Amino acid sequence: MPRTETPAEAPAGPRSAPQGRRRRQRKVVVPLVLTAAITGVAVLGVTRPWERPASGTGKPPVEFGTVAVQRGSLSSGIQIAGTLGYDEPTPVVAAGRGTVTALPSVGTVIEPGGTLYEADGRAVVLMRGSRPLWRDLGPGAGDGPDVEQLKRNLVDLGHADGLGLAVDEKFTKGTETAVKRWQKSLGVKQTGTVALGSVVMLPQVSVRVQQLGVQLGAPLGTGSVMTVSSTGLVALVRPADNQLSRFKPDGKVEVRLSDGGTVTGRVRSLIRGGSGGQGEGDGGGGAGGEQPKTTVTIALDSQRQARKMGPSSVTVTVVGDSVSGALIVPVTALLALDGGGYGVKVVDGTGTRLVEVRLGLIADAQAQISGGVEPGTQVVVPK
């Protein structure tokens, strides 16, 4: 898994070296802070690796080698393994009493107006809404948002055609007529009243049965009858804490599917220490009190390719800065100058000379440089 690296801010441009002062050598120090930030190596002090220690110190000299300046591409994007799963998992809790007499198969897609399950041989119908029903709705029912939800569904399902039914919070005579039409379409007694437990309100446009929570013949209670999700797929990743800053709200990502195809997406949500609601959480803390990782949910720009794969593994690439045709050296070749800026030690004949350079993008322990070096130039690095 590639590591996340943060592009360094470009330091001020190079300054012209004073003429006629070849005896004065500019002081340099090893950029150990920069190196440690990128490689994670602990820093115990600052040294000048090109200066050999005085004899008798007991410390072995630091060994050095050289590498050639390369021309190539750098990218600060990161890749994280993730999964493709169905969105918005929602438990379905029965509001009434009775015995479960029919259940759908896992994977069944149910539209509003369709049957979710049966209780005592009667259909429990899916309707769209954000509020669960908590009472019978019929003539004499008080005004309320639950009435408005019901009326909107009756209109959308075509049971209020020609009635001029206003979608408001009042249960009118026209509402009663529309309810009777709906009951007739189900083949049940036309009472004009929607009994509690005969309808389940869910916010999704349509739902897919993800998991069953009861068996046929089980009594209805307060537990979940089933878990449903939307029919859309999302990508889920759980980045490490030091990678979270790369996931910006609505930030662009690329999702590579298990068949090699790619689809673009955007960061929709970031839930710290949660499972993203997908039923795949790490539990309430791992061994030794380890906390669950943060889950990032990515909405896909296109469902067509994703639906061919279904739930599967994916690789998510967070799009970062990139450069091409850049001069690249290992970050360990960089030397921090005491007056600011950076340089590299260049092999010149049988010796070396210090060349000041400008920094560009830093990623994967490589640095983009410019100024005073060419492709193939040998620079000094610690072994």
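All residue numbers in this chain count up from 1 along the given sequence. Values below: all heavy atoms of this structure, side chains included; hydrogens, waters and symmetry mates excluded. All values derive from a computational prediction rather than experimental measurement.
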Show me the donor-acceptor pairs within less than 3.5 Å that the side chains of residues 152-166 make with the rest of the protein, sequence neighbours left out.
from: Asn153; atom 1: OD1; to: Arg128; atom 2: N; distance (Å): 2.9
from: Asn153; atom 1: ND2; to: Arg128; atom 2: O; distance (Å): 2.8
from: Asn153; atom 1: ND2; to: Gln149; atom 2: O; distance (Å): 2.9

Compare all side-chain heavy atoms of [X] with those of [Y] and state whether any distance is below 4.5 angstrom.
{"X": "Phe171", "Y": "Asp143", "answer": "no"}
{"X": "Leu74", "Y": "Ile328", "answer": "yes"}
{"X": "Thr83", "Y": "Val314", "answer": "no"}

[X] and [Y] ion-paired at < 4.0 Å:
{"X": "Glu118", "Y": "Arg122", "value": "no"}
{"X": "Arg208", "Y": "Asp87", "value": "no"}
{"X": "Lys151", "Y": "Asp168", "value": "yes"}

Does either side chain, that of [X] or that of [Y], offer a donor lying less than 3.5 Å from an acceptor on the other one?
{"X": "Asp301", "Y": "Thr264", "result": "yes"}
{"X": "Thr108", "Y": "Ser105", "result": "no"}
{"X": "Thr66", "Y": "Gln378", "result": "yes"}

| field | Any donor-acceptor pair under 3.5 Å from Ser302 side chain to Leu300 backbone | value |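 No, the answer is negative, given that no donor and acceptor are paired below the 3.5 Å cut-off.
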| Remaining members of Leu103's ILVMFWY cluster at a side-chain heavy-atom cut-off under 4.5 Å? | Val92, Val100, Val106, Ile110, Leu116, Tyr117, Val124, Leu126, Val200, Leu202, Val207, Val209, Leu212, Val214, Leu216, Leu220, Val225, Met226, Val228
